[in-house]
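Ligands are counted one by one from 1 in listed order, and the atoms in each one are counted from 1 as well. Heads up: numbering here begins at 1 and tracks the sequence. Because only heavy atoms are used, hydrogens play no part in the values below, and waters and symmetry mates are left out as well, while side chains stay in.
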Amino acid sequence: MGSCNEADSGSISVINDFEDSQPATPHMEQPKVVGAAAAQAPIISSYNDKIRPLLDVIDRLRLLMVMKEGIQLPTIVVVGDQSSGKSSVLESLAGVNLPRSQGICTRVPLIIRLQNHARQRPELYLEYNGKMVPVEEPQIATAINIATDEVAGPNKSISDTPLTLVVRKDGVPDLTMVDLPGITRVPVHGQPDNIYEQIRDIIMQYITPKESIILNVLSATVDFSTCESIRMSQQVDKNGERTLAVVTKVDRAPEGLVDKVTADDVNIGLGYVCVRNRIGDESYEEARKEEARLFENNAHLSCIDKSIVGVHVLAQKLVHIQANAIAKCLPDIVRNISAKLDENVSELEKMPKALTSIADATQAMMRVIQAAKESLKKLLWRGEFDEYPEDNTTHGTALFVEMLNRFSDELHNCEESNLSKDFLTEEIKGLEDAKGIGLPNFLPCEAFLRILRRKVERISYLPIKFTEMYWDYIEGVVISVVMRHSEMYYHLKVSAKGAAHNLVQKLREQSINRVKELVEMEKLTGYTCSPDYMMEWKKLMNQQDHFINQISGTNYKQPRPCSVNLQGFGEIQVEHLRQHSNVSILQQAFDLKMRMVAYWKIFKVRLVDSMALHLQYGVHNLVNNDIDEIVKELMGPDGHGLEKMLVEYPAVVAKREKLKNSIKVLKESKDSVAKIMDRIVLYDAYLV
Ligand SMILES: Nc1nc2c(ncn2[C@@H]2O[C@H](COP(=O)(O)OP(=O)(O)OP(=O)(O)O)[C@@H](O)[C@H]2O)c(=O)[nH]1
């Protein structure tokens, strides 16, 4: 802390404690103070001519809007609660009038580029909405208000579209800063209810990049720890390493200020600078004199170290911080620009060229269908999922096995219920219906077929349901693959979707008819050459004598059981069978039942196998041959179907334009930085 009353307000000297917290760059001299220019502007500083070209490049990149391409630039961002004095601080630094008020005043980000130039006459202009508007110094505040109304609307609403104010003036420090809307929680008339969230989002967008320097403007009249701007900057810069605090309105609350800035309760890493801004109609010169007098004579303020008071100290600190930030960030900026440029160039190369003739369109369409065909072969036939590793809904071969297993389970679980109570009832009825003249030990074939038909009929909905479900699934995959490959051609995408739908519907219908045929064939004939049938039947028939005995046996010493345990069936109720006095009928019914059970096992396996082969065959044909029908449909009967493909999808045109524009910006940016590469290497070498 410097001793009180020692500075001379007439001559400007720089006492800079910033060197303690920031390493001095060997190639960067400390900014000099040019006292002779004091008459023209409140801040007088010449800029290290090694850094000036680098700042010019950064400003050029900012003008090119390279930030929109994801390249972060070192930026001094001015934040503060509403009416904390942000614009007044900038005004003091720039020596020009900016809009100041007690209510919300800054409604859009205002980029202020201060450039020291030797000419007598200052040059000022505003850049916004692609315009460059020269402004006379006395009209700056009005011009900014007009431009703000144009960008953000005439009411009190805010916008994140920035305005740029360029101030070329003798004696100003070479600085580029962004002034942001002040944080307010209470919307005033005409402002949206979410004004706080809107302002917060803009501020966070600017202060989050680690390249940003946060200039936190705090009014001496408030408790710093209650400031919303402190809360926000701490969210992105916890230890305050890139935060500098400017304390304004020191004239209003001088008492205790020295303790406030010394205690540093709010963790400001780059330190504090206390200032007194212009009040009312004062001129800048008067304001600086008043400021110097205040820090010299005020009982409370004169105790504050001179190295942290005054607008000119603030200017010097900012210049120094900015120089270090640029030197540190430039190598990364150069690398990022190159990487982004390569990325965009390769993305543009991958985009389809605009189609200008039918021959082009035909070629593009063939390429799309060929690529879709290859993808479908992989997904639905070969089981290669490298193109869609995440989306397992398209992994057709794997899902087909799951679907088939589910179908098989459903078929097996679809057995008739209350089997135990009605045991042999259906068979006895079948035998009675098929009664005719014949030898008693011959089973009528018709009785077997009638029961078989009924059983097949009962499950016939299952294979059809499975077929429908399978083709629905195939349709989904085909459409999604075709659409993905035709993404870049809007009209092709729409037509190909329709053609894919029509094709799969046709195949679905054919497949359902084939499955219906399979079911009908099963109803018509009971046949198998599998030896399993006879083995199973014989095994079951071994229980016949015991079973019939339990129902109609004549051993009166033992009570007749009401149920019998049969292997393969469990406990069977038999009371209802005792009404049949004809043992031969029971024997035939038992035989019939066992034939049916043995045959039904064969039937179910055969049905699942046939369905698997049939559907696999269908998919094989689809991915190898049928898919080509899409081409025919797209060409149309008269061959004019592709004409509409010549009209491009607006989103593709927009994307191509955006990429071209980004490439242009990045190339220009690359060219700009190429001119100062030798300096970057110099600073880079130092920083390493
Ligand atoms: N006494 C005194 N008044 C000041 C000082 N700095 C700013 N003011 C006044 O405080 C009020 C708000 O100042 P602005 O610079 O408009 O504050 P701001 O933070 O830019 O305001 P918004 O952008 O609207 O949030 C104005 O009336 C200024 O004149 C100062 O150091 N001393």
Side-chain angles (χ1 to χ4, degrees), residues 42 77-112 140-142 144-145 147-149 151-152 155-160 162-163 165 177-188 190-191 195-196 198-200 202-203 206 214-222 224 227-230 232-233 245-255 257 261 272-284 286-295 298 300-301 304 309-314:
V77 184
V78 186
V79 296
D81 291 4
Q82 200 181 90
S83 298
S84 57
K86 297 176 295 301
S87 304
S88 302
V89 168
L90 291 169
E91 199 185 63
S92 303
L93 290 166
V96 293
N97 282 355
L98 295 175
R100 281 179 307 164
S101 78
Q102 286 300 336
I104 182 163
C105 171
T106 311
R107 299 193 283 122
V108 297
L110 177 66
I111 301 169
I112 303 183
I140 290 183
T142 317
I144 290 177
N145 284 336
T148 301
D149 283 354
V151 170
N155 46 28
K156 293 281 178 196
S157 48
I158 61 158
S159 160
D160 65 353
L163 302 179
L165 171 67
M177 295 162 290
V178 185
D179 185 16
L180 294 179
I183 308 158
T184 175
R185 281 205 173 265
V186 192
V188 296
Q191 281 180 341
I195 187 81
Y196 170 76
Q198 283 191 31
I199 295 175
R200 182 198 58 200
I202 296 179
I203 292 176
Y206 275 87
I214 305 168
L215 186 63
N216 214 323
V217 179
L218 309 167
S219 166
T221 57
V222 301
F224 299 162
C227 288
E228 195 76 10
S229 64
I230 287 287
M232 281 189 192
S233 70
V246 186
V247 183
T248 60
K249 308 187 189 178
V250 295
D251 53 309
R252 289 218 208 139
E255 206 174 334
L257 185 61
V261 297
Y272 294 78
V273 180
C274 303
V275 298
R276 182 262 191 209
N277 291 312
R278 193 168 68 93
I279 301 172
D281 294 334
E282 274 174 359
S283 71
Y284 299 106
E286 283 164 1
R288 292 291 64 80
K289 278 187 187 147
E290 278 307 314
E291 181 182 60
R293 219 185 326 271
L294 194 64
F295 285 117
N298 182 285
H300 302 286
L301 300 177
I304 303 176
V309 300
V311 169
H312 53 279
V313 167
L314 174 64

K.L.:
Say whether Asp179 and Ser87, considering side chains only, have a donor N or O and an acceptor N or O under 3.5 Å apart.
P.N.:
yes

K.L.:
Should you measure from each heavy atom of Ser87, which atoms of ligand 1 turn up under 4.0 Å away?
P.N.:
15 (O), 18 (P), 20 (O)

K.L.:
Among side-chain atoms of Asn277 and Ser92, is any donor-acceptor pair under 3.5 angstrom?
P.N.:
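Yes, Ser92 and Asn277 have a side-chain donor paired with an acceptor closer than 3.5 Å.
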
K.L.:
Out of the candidates Leu218, Val275, Thr221, only one should pair with Thr248 under the side-chain contact (heavy atoms from CB on, under 4.5 Å) rule; please name it.
P.N.:
Val275

K.L.:
Please identify which atoms of ligand 1 are closer than 4.0 Å to at least one heavy atom of Asp251.
P.N.:
1 (N), 2 (C), 30 (C), 31 (O), 32 (N)

K.L.:
With side chains defined as the heavy atoms from C-beta onward, is the minimum distance between Val250 and Phe295 less than 4.5 Å?
P.N.:
yes

K.L.:
Answer with side chain, backbone, both or neither: which part of Asn277 has a heavy atom less than 4.0 angstrom from an atom of ligand 1?
P.N.:
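Under 4.0 Å from ligand 1, Asn277 contributes backbone and side-chain atoms.
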
K.L.:
Would you say Thr248 and ligand 1 have an N/O pair spaced under 3.5 Å apart?
P.N.:
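Looking only at distances, the answer is no, because the N/O contact criterion of under 3.5 Å is not met.
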
K.L.:
State which residues pass salt bridge (charged side-chain N to carboxylate O under 4.0 Å, His left out) with Glu290; sequence neighbours excluded, sorted by chain then number.
P.N.:
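Partners of Glu290 by the salt bridge (charged side-chain N to carboxylate O under 4.0 Å, His left out) criterion, ordered by chain and then number, come out as Arg293.
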
K.L.:
Applying a heavy-atom cut-off of 4.0 Å, say which part of Arg252 lies close to ligand 1: side chain, backbone, both or neither.
P.N.:
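Side chain only; the backbone of Arg252 stays clear of ligand 1.
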
K.L.:
Excluding sequence neighbours, so at least two apart, what forms side chain to side chain donor-acceptor pair (under 3.5 Å) with Glu282?
P.N.:
Arg276

K.L.:
Out of all atoms in ligand 1, which are within 4.0 Å of some heavy atom of Ser88? Include the element for each.
P.N.:
6 (N), 7 (C), 13 (O), 14 (P), 15 (O), 28 (C)

K.L.:
Could you list which atoms of ligand 1 come closer than 4.0 Å to a heavy atom of Arg276?
P.N.:
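Near Arg276, the atoms of ligand 1 are 31 (O).
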
K.L.:
Gln82 versus ligand 1: do any nitrogen or oxygen atoms come within less than 3.5 Å of each other?
P.N.:
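Between Gln82 and ligand 1 (N or O atoms, distance only) the closest approach is not under 3.5 Å.
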
K.L.:
Do Leu314 and Leu215 have side chains that approach each other closer than 4.5 Å (heavy atoms only, starting at C-beta)?
P.N.:
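A side-chain contact under 4.5 Å exists here.
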
K.L.:
Quick check on side chain to side chain donor-acceptor pair (under 3.5 Å): which of Asn145, Thr148, Asp149 does Arg107 satisfy it with?
P.N.:
Asp149

K.L.:
Quick check: does Arg278 get an N/O under 3.5 Å from an N/O on ligand 1?
P.N.:
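Between Arg278 and ligand 1 (N or O atoms, distance only) the closest approach is not under 3.5 Å.
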
K.L.:
Do any N/O atoms on Pro181 end up under 3.5 angstrom from N/O atoms on ligand 1?
P.N.:
no

K.L.:
Are any of the heavy atoms in Gly80 under 4.0 Å away from ligand 1?
P.N.:
no

